[in-house]
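What follows is a set of notes on a single structure, which appears directly below.
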Amino acid sequence: MYDIQQIRADFPILGRTVYGKPLVYLDNGATTQKPRCVVEAITNEYYNTNANVHRGVHFLSQQATELHEASRETVRKFINARSTNEIIFTRGTTESINLLAATFCLSQMQTGDEVIVSTMEHHSNIVPWQLQAMQRGIVLRVIPMDDEGNLLLEEYERLFSPKTKLVSIAHVSNVLGTVNPVKDMIRTAHAHGVPVLVDGAQSIPHMPVDVRELDADFYVFSGHKVYGPTGVGVLYGKEDWLDKLPPYQGGGEMIQHVSFEKTTFNELPFKFEAGTPDYIGTTGLAKALDYVSALGMDNIAAYEHELTEYALRRLREIPGMRIFGEAKERGGVISFLVGNIHHFDMGTLLDRLGIAVRTGHHCAQPLMTRLGIEGTVRASFGLYNTKEEVDALVAGIERVRKMF
Ligand code: PLP
């Protein structure tokens, strides 16, 4: 059913070599490789259907519009949203969070009101709130975690006050791999009358996500991390909430009528989509979601779980290995350090062996501070990685370790 060799054949780049070595691509947390069908869908649209969407009476424009809106429906179905009005196309997770931070804080928050985030957030889910803090005097409250990388849920409960207006948390940590219990955390927030934004950048590619089952008020992700193109992403929001928020950017598409005296705004989802959308990108994204759906998100999750368990077991055999992130529920992101070897040296030497990992703070400096380190080496898996690649990583680390 899950034919890994056939799957790998769908990703031409996996067949290339780096420094004469077969590429072992373990940087999927940063971005994923693209299956041929995604690249072909993009090429095909440029060659055959390219025209600006929504405003054209001509054939090509209408066809491009149909493709673009069909992609919105594909996204809706993928996350089980109620309506396509709830699917806003953005440039990615970062823009989705910035959009929400700006519009939510402007319309729903007063000076002194609070947003709850967690210790393990990506900078994308910290800095947009800090920009609002600078402009509007809102306050960030932070959920602490234990040494294994589990959020302290009792502390989380204690953070709520009448000033709490929003919770914004990662579904899966891009450093620790922790899968946060977002469903329970949403229930807690709702009991306090507070809506929740879930950063799904690291969950959407790896597990089935049902926004209605989670009861998430907002859910955001990037196309490029789920085998789709760069430059396109999604903000899901419950329609009631999106209706309450003002537009983010002004321009074409987001208006109903413009005069110098008064401008009225378009309905959802277009109210939040100023300017020409990345309609080619949305076609690519929809194709990527079709691709992973055909494999089955449950199958992908099960395959990656087994691979991660294997990798953790093998990595722990290495003397001096320190793995950061030992949460009960974890995904296929493994951050580590070995002895006193600097993460940058390890990453550079692994690269020479054809093994692509990421090194550094992974855009989570507050988490690094909490861990008392400057950075880690991070291996992150995708649906096409294999045990042989894990073995290559382990052998590579051993080789580097012996050099030191
Ligand atoms: N949130 C998390 C948890 C991430 O891992 C990332 C990217 O690594 C982002 C947000 C930002 O995503 P993007 O750069 O695609 O906007």
Side-chain angles (χ1 to χ4, degrees), residues 25-34 38 75 88-102 115 117-131 140 142-143 145 149 151 167-182 185 196-207 209 216 218-236 248 278 281-282 284-285 288-289 304 324-325 327 329-335 356-368 370 375-382:
Y25 186 76
L26 300 177
D27 194 18
N28 295 284
T31 200
T32 51
Q33 301 303 344
K34 317 306 168 198
V38 167
V75 174
I88 314 297
F89 285 125
T90 65
R91 279 196 306 121
T93 305
T94 302
E95 189 176 59
S96 296
I97 299 176
N98 275 278
L99 186 164
L100 197 82
V115 174
V117 297
S118 87
T119 310
M120 64 180 78
E121 298 311 317
H122 189 280
H123 294 164
S124 289
N125 195 23
I126 300 173
V127 185
W129 306 110
Q130 288 177 328
L131 293 178
L140 271 190
V142 184
I143 313 166
M145 65 172 210
L151 292 180
V167 172
S168 189
I169 40 165
H171 197 163
V172 174
S173 161
N174 67 311
V175 177
L176 307 167
T178 307
V179 181
N180 288 314
V182 288
M185 295 176 78
V196 180
L197 161 65
V198 181
D199 172 353
Q202 299 293 342
S203 45
I204 279 284
H206 305 292
M207 60 179 74
V209 170
F218 305 100
Y219 200 99
V220 299
F221 63 94
S222 299
H224 70 97
K225 291 188 200 281
V226 60
Y227 312 98
T230 53
V232 64
V234 171
L235 162 66
Y236 157 80
Y248 176 48
D278 184 359
T282 57
L285 172 60
L289 297 183
E304 290 183 4
F324 298 90
E329 291 283 329
R330 61 148 25 261
V333 176
I334 305 180
S335 276
V357 291
R358 188 144 292 246
T359 62
H361 55 61
H362 315 296
C363 295
Q365 282 180 325
L367 175 58
M368 295 297 130
R370 165 64 180 82
T376 71
V377 185
R378 183 186 75 180
S380 51
F381 301 122

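Ligands are counted one by one from 1 in listed order, and the atoms in each one are counted from 1 as well.
In this structure, the side chain of Arg378 engages the main chain of Asn174 through a donor-acceptor pair within 3.5 Å. The backbone N or O of Thr93 lies less than 3.5 Å from a partner atom in the side chain of Ser222, making a donor-acceptor pair. Checked by atom type and distance alone, the side chain of Arg330 pairs as donor or acceptor with a backbone atom of Gly325 at under 3.5 Å. Between the Lys225 side chain and the Thr32 main chain, no donor and acceptor come within less than 3.5 Å of each other.
Annotation: side chain of Ile204 is not in contact with side chain of Val234 (no heavy-atom distance under 4.5 Å).
Listed by number with element, the atoms of ligand 1 under 4.0 angstrom from any heavy atom of Ser222 are 12 (O), 13 (P), 15 (O), 16 (O). Taking every heavy atom of Gln202 and a limit of under 4.0 angstrom, the matching atoms of ligand 1 come to 3 (C), 4 (C), 5 (O), 8 (O). Heavy-atom contacts of Ala201 reach the following atoms of ligand 1: 1 (N), 2 (C), 4 (C), 6 (C), 10 (C) (cutoff under 4.0 Å). Taking a cut-off of under 4.0 Å to the non-hydrogen atoms of Asn174, the atoms of ligand 1 that pass are 5 (O). Against a heavy-atom cut-off of under 4.0 Å, Lys225 is close to the following atoms of ligand 1: 6 (C), 7 (C), 8 (O), 12 (O), 15 (O). The atoms of ligand 1 that sit less than 4.0 Å from any heavy atom of Thr94 are 11 (C), 12 (O), 13 (P), 14 (O), 16 (O).
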Report the C-alpha distance between His122 and His362 in whole Å, list the side-chain angles of each, state the deciding distance to 0.1 Å, and finish with yes or no for side chain to side chain contact (heavy atoms under 4.5 Å, CB included). CA-CA 8 Å; His122 189 280; His362 315 296; over 6 Å; no

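Taking each heavy atom of Thr119 and Ile143 in turn, the nearest pair found is OG1-O, 2.6 Å.
Among protein heavy atoms, the minimum distance from atom 4 (C) of ligand 1 is reached at His122 CD2, 3.3 Å. Asp199 OD2, 3.4 Å is the protein heavy atom nearest to atom 3 (C) of ligand 1.
Every heavy atom of Glu121 sits 4.0 Å or more from the atoms of ligand 1. The closest approach between any non-hydrogen atom of His224 and ligand 1 is below 4.0 Å. For Asn125, the closest heavy-atom approach to ligand 1 does not fall below 4.0 Å.
Within the 4.0 Å heavy-atom criterion, neither part of Ala170 lies near ligand 1.
Side chains of Tyr219 and Ser203: a donor on one and an acceptor on the other come within 3.5 Å.
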